[in-house]
There are 2 protein chains.
Amino acid sequence: MENVEAECRSLAEVIARIGDKWTVMVCGHLSEGTHRFNALKHRIPGISHRMLTITLRGLERDGLVARKAYATVPPKVEYCLTPLGQSLTGPLATLASWARENRPALEQARTAFDRRAAQG
Amino acid sequence: MENVEAECRSLAEVIARIGDKWTVMVCGHLSEGTHRFNALKHRIPGISHRMLTITLRGLERDGLVARKAYATVPPKVEYCLTPLGQSLTGPLATLASWARENRPALEQARTAFDRRAAQG
DNA sequence: CTGAATCCTCGGTGATACTG
DNA sequence: CAGTATCACCGAGGATTCAG
């Protein structure tokens with residue numbers, strides 16, 4: 001790594017964008033394919049109606065998610081990843097692999113640290 | 001991608017952990033090598049004394065950063081990445097590359113979206 | 001120089017109700 | 001079914017001060 005400064009800034013930008021509470025979850029589920037609003041809401045435990053709307057708006061604004069509304073009654077709106085959004089799933093999967101492989105190490109370090117802190 | 005559910009959860013965990021305002025910055029600079037507290041503080045524009053302390057504590061707790069204190073006057077404390085922390089820089093660099101390559105597309109999508117929203 | 005504690009502000013988030 | 005608006009809450013983060 002030579003130009004750490006520039007890498008850091010752009011990385012920090014992306015992390016700031018996708019680092020909120022729900023964005024990665026939404027992206028992950030949309031990487032499976034197109035989903036309707038309520039389908040997403042049902043698949044993502046704990047997300048509120050409002051936050052799903054906001055999260056999808058943000059992703060749509062950044063060109064990562066495409067929204068398709070059908071003028072039917074009742075309304076039907078489908079969301080899917082754009083090519084740009086799909087290109088992000090690769091790097092995210094890399095990070096996810098690291099996460100799965102190293103989660104035990106993280107938890108072990110955490111409990112060890114807390115035990116040391118508790119004892120002094 | 002078959003098991004999206006599990007991948008999502010572990011990924012969301014890591015994102016939640018490193019997705020705060022300063023962690024990636026600190027990791028990035030420590031990936032260059034060992035640094036003292038004030039060195040980090042000066043290299044990371046805008047970070048407060050308090051937040052640098054908290055961020056480093058969190059990283060140390062998770063076993064990503066090692067802290068070495070010298071019993072001198074004045075005190076001298078050095079921070080560096082652990083092997084676990086170094087193993088994270090790979091996936092992060094992948095994400096950083098994506099960020100640098102696609103930042104123009106993101107900004108373009110954003111302005112286009114905002115223009116559409118402004119006009120109706 | 002490094003770190004801990006306190007106070008305070010602000011924005012993200014959730015609950016709810018209403019609209020088309 | 002999908003989206004918007006309003007209110008209230010809570011915690012992240014900044015400024016400051018004190019300690020070792």
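Just so we're on the same page: letters track the sequence lines, and every chain starts at 1.
- Residue contacts for B:Tyr70: at a heavy-atom cut-off of 4.0 Å it reaches no nucleic acid atom on any strand shown.
- Side-chain atoms of B:Thr53 come within 3.5 Å of backbone N or O of B:His49 as a donor-acceptor pair.
- Remark: side-chain polar atoms of A:Thr55 are not paired, donor with acceptor, to backbone N or O of A:Trp22 under 3.5 angstrom.
- Judged by distance alone, with hydrogens and angles left aside, the side-chain atoms of B:His42 form a donor-acceptor pair with the main-chain N or O of B:Asn38 at under 3.5 Å.
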Between the protein and nucleotides 11-13 of chain D, which nitrogen or oxygen pairs come in under 3.5 angstrom?
unit_1	atom_1	unit_2	atom_2	d
D:dG13	OP1	B:Lys21	N	3.2
D:dG13	N7	B:Arg50	NH1	3.2
D:dG13	N7	B:Arg50	NH2	3.4

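- One interatomic measurement links the two molecules: NZ of A:Lys76 to C1' of C:dG20, which rounds to 19 Å at whole-angstrom precision.
- Taking atom CZ on A:Arg17 and atom P on C:dG12, their separation rounds to 11 Å, with Å as the unit.
- Side-chain contact check for A:Leu95 versus B:Thr94: every heavy-atom pair is 4.5 Å or farther apart.
- Between the CD atom of A:Glu60 and the P atom of D:dA2 there is a distance of 14 Å, rounded to whole Å.
- The 12-atom threshold is exceeded at CD of B:Glu107, counting heavy atoms of other residues, nucleotides or ligands nearer than 6.0 Å.
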Please produce a list of atom pairs where a protein N or O lies less than 3.5 Å from an N or O of nucleotides 17-20 of chain D.
none

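- Atoms CG and CD, on A:Leu106 and A:Glu101 in that order, are 12.0 Å from each other to the nearest 0.5 Å.
- Between the C1' atom of C:dG12 and the CG atom of A:Leu52 lies a distance of 16 Å, rounded to the nearest Å.
- Remark: B:Arg36 is in phosphate contact with C:dT2, judged by side-chain N or O atoms under 4.0 Å from OP1 or OP2.
- Using a distance-only test at 3.5 Å, with no hydrogens or angles considered, a donor-acceptor pair links the side chain of B:Arg17 to the main chain of B:Gly58.
- At whole-Å resolution of the value, CG in B:Leu40 and C1' in C:dC1 are 13 Å apart.
- Straight-line distance from the CD1 atom of A:Ile44 to the C1' atom of C:dT13: 15 Å, rounded to whole Å.
- Counting only distance, with no hydrogens or angles, the side chain of A:Thr23 and the backbone of A:Asp20 share no donor-acceptor pair below 3.5 Å.
- Pairs passing the salt bridge (Lys or Arg N to Asp or Glu O under 4.0 Å) check and including a residue from residues 89-99 of chain A, sequence neighbours excluded, do not occur.
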